[in-house]
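Reviewing the structure listed below.
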Amino acid sequence: MAQMATDQQHRTDERSAYAIAIRQLEAAAHYLNLDRSLLEILKRPRRELTVNFPVKMDDGSIRVFTGYRVHHNPARGPAKGGIRYHPEVTLDEVRALAMWMTWKCAVVNIPYSGAKGGVVCDPKRLSIHELENLTRRYITEISMLIGPESDVPAPDVGTNPQVMAWIMDTYSMHKGYTVPAVVTGKPIPIGGSEGRLEATGRGVMVVADQALQQIGRRLDGARVVIQGFGNVGSSTAKLMHQAGAKVIAVSDVRGGIYNPNGLDIPSLLHCAGRDGCLQAYRDADHITNEELLELPCDVLVPAALHGVITSANADRIKARVIVEAANGPVTPDADEILDDKGVLVVPDILANAGGVLVSYFEWVQDLQSFFWEEEEVNQKLEKAMRRSYQHVAQTAEQNKVNLRMGAYIIGVKRVAEATIIRGIYP
Ligand code: NAD
């Protein structure tokens, strides 16, 4: 009985995003020989705000929603991080996502600290009007935290450029003047950046290319499997397909489709984001999300939620390379199994940093009211991603660790240094 309870506890902990984030930080602290008190500072979020707020629904009723905004560590600059709308959002998850943002910004060396926000809701079950009401009220509730110099939100699961537009408008209405730099991932006519929509997917493609080169393979002709066909998954599929890779399987929350000869990505992109898009596709086998992860392929891209590759299925993963487009898809226990199998895992804090990089470019453009062409944005993104990958790969090699630990060593070291240099106030 006691053993059963321990196993259950272990399984729960293995998928607790915050427990995972702490475990990863402690491992990096060990390599860096980090001072104990500094580790205690880095482990805890600086601020956590929980808000419960009413929203008028279309049928005249009023529903109370719960939302969060968490700032992790302020050492390197304003807080930056996405807003997630999903029924399973928890404070535990938002804390982890905020911490991962801190390391991510440090790995690609942009002057931000990590934040994250979320509202417990199913955006697919809300009308457009309800979604707007919910967004405007949530932003009002967390308005004491956000601002172009303090905390700059962005899109994440369940949110999109339209939601970012309402955030910008709500904040600007409270101020009495237009403040584009308060949020990134906005539509282009109101201060969004060229290239932002596809930025995370573009970064994923760039690091997939480098990872394949590292093992003596090429992206051209590589077989790619992608879990999640939202903003990140569909952009990754599009760009990988354009680069000559063969995308053989994709999925959404309802399940996946698989054709070993390759899927017709341009036709799938027409319905991406619409309910039933993948289910209506004929020229493929229909499979579950669990089966999709275990398909034989060169590159597996989890681009949905965290905790999908665990000690329970890592042994059955057949990919040569895993590129973590989602945040936290591979648990630490799974990491060990994949290491032993020789699977190269490109960690989230590097792999999906293309999104925050172009968010940073958008913020810089908004602050200067001077906008760049798409080619310039894409070039700057690619250069930063290639440079960051090389730095991570070199650090991993020097320390004889995997890419995840290589990235953590860089990220945690930069944040620790900033914390020490700034000193403890007062
Ligand atoms: P999205 O809401 O646009 O798409 C999410 C996709 O995952 C959808 O296809 C959805 O159907 C699918 N999905 C949801 N629940 C699922 C489940 N239980 N099993 C399988 N699939 C499921 O979200 P997104 O913006 O594409 O984000 C995807 C991941 O990428 C998240 O982990 C997010 O944190 C991460 N990320 C996003 C960005 C960005 O710029 N949007 C940047 C960095 C990282």
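Side chains are part of it too, since the values below use all heavy atoms of this structure and drop only hydrogens, waters and symmetry mates. Numbering of ligands and ligand atoms starts at 1, following listing order. Computed from a predicted structure; not experimentally measured.
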Do you know which of Thr159, Asp156, Asn327 makes side-chain hydrogen bond (donor to acceptor under 3.5 Å, both in side chains) with Arg84? Asp156

Salt bridge or not for Asp169 and Arg136, using N-O below 4.0 Å? yes

Using 4.0 Å as the upper bound for N to carboxylate O, is an ion pair formed by Arg404 and Glu324? yes

For Arg196, the atoms of ligand 1 under 4.0 Å from one of its heavy atoms are 40 (O)

Thr200 and ligand 1 - part of the residue with a heavy-atom distance under 4.0 Å: side chain

When you measure from the centre of the six-membered ring of Tyr18, is the NZ or CZ of Arg95 under 6.0 Å away and within 45° of the axis? yes

Heavy atoms only: which of Asn231, Thr288, Thr184 is nearest to atom 3 (O) of ligand 1? Asn231

The answer for which part of Val232 has a heavy atom under 4.0 Å from ligand 1 is both

Glu382 with Arg202: basic N within carboxylate O range, under 4.0 Å: no

Return yes when Arg254 approaches ligand 1 closer than 4.0 angstrom through a heavy atom, no otherwise. no

I need the nearest protein heavy-atom contact for atom 12 (C) of ligand 1: residue, atom name and distance, please. Val253 N, 3.8 Å

Considering only NZ, NE, NH1 and NH2 on the basic side and carboxylate oxygens on the acidic side, decide whether Arg218 and Asp220 come within less than 4.0 Å. yes

Just need the protein heavy atom nearest to atom 2 (O) of ligand 1, so name the residue and atom and give the distance. Gly158 N, 2.9 Å

Among Leu197, Asp156, Val356, which one puts a heavy atom closest to atom 34 (O) of ligand 1? Asp156

Would one find an N or O of Gly230, backbone or side chain, under 3.5 Å from an N or O of ligand 1? yes

Does only the side chain of Ala325 get under 4.0 Å from ligand 1, or the backbone, or both, or neither? Count heavy atoms. backbone

SB check Lys318 Glu294 (cutoff 4.0 Å): no

Carboxylate-amine/guanidinium proximity below 4.0 Å for Lys80 and Asp151: no

Answer side chain, backbone, both or neither: which part of Ala199 comes under 4.0 Å from ligand 1, heavy atoms only. neither

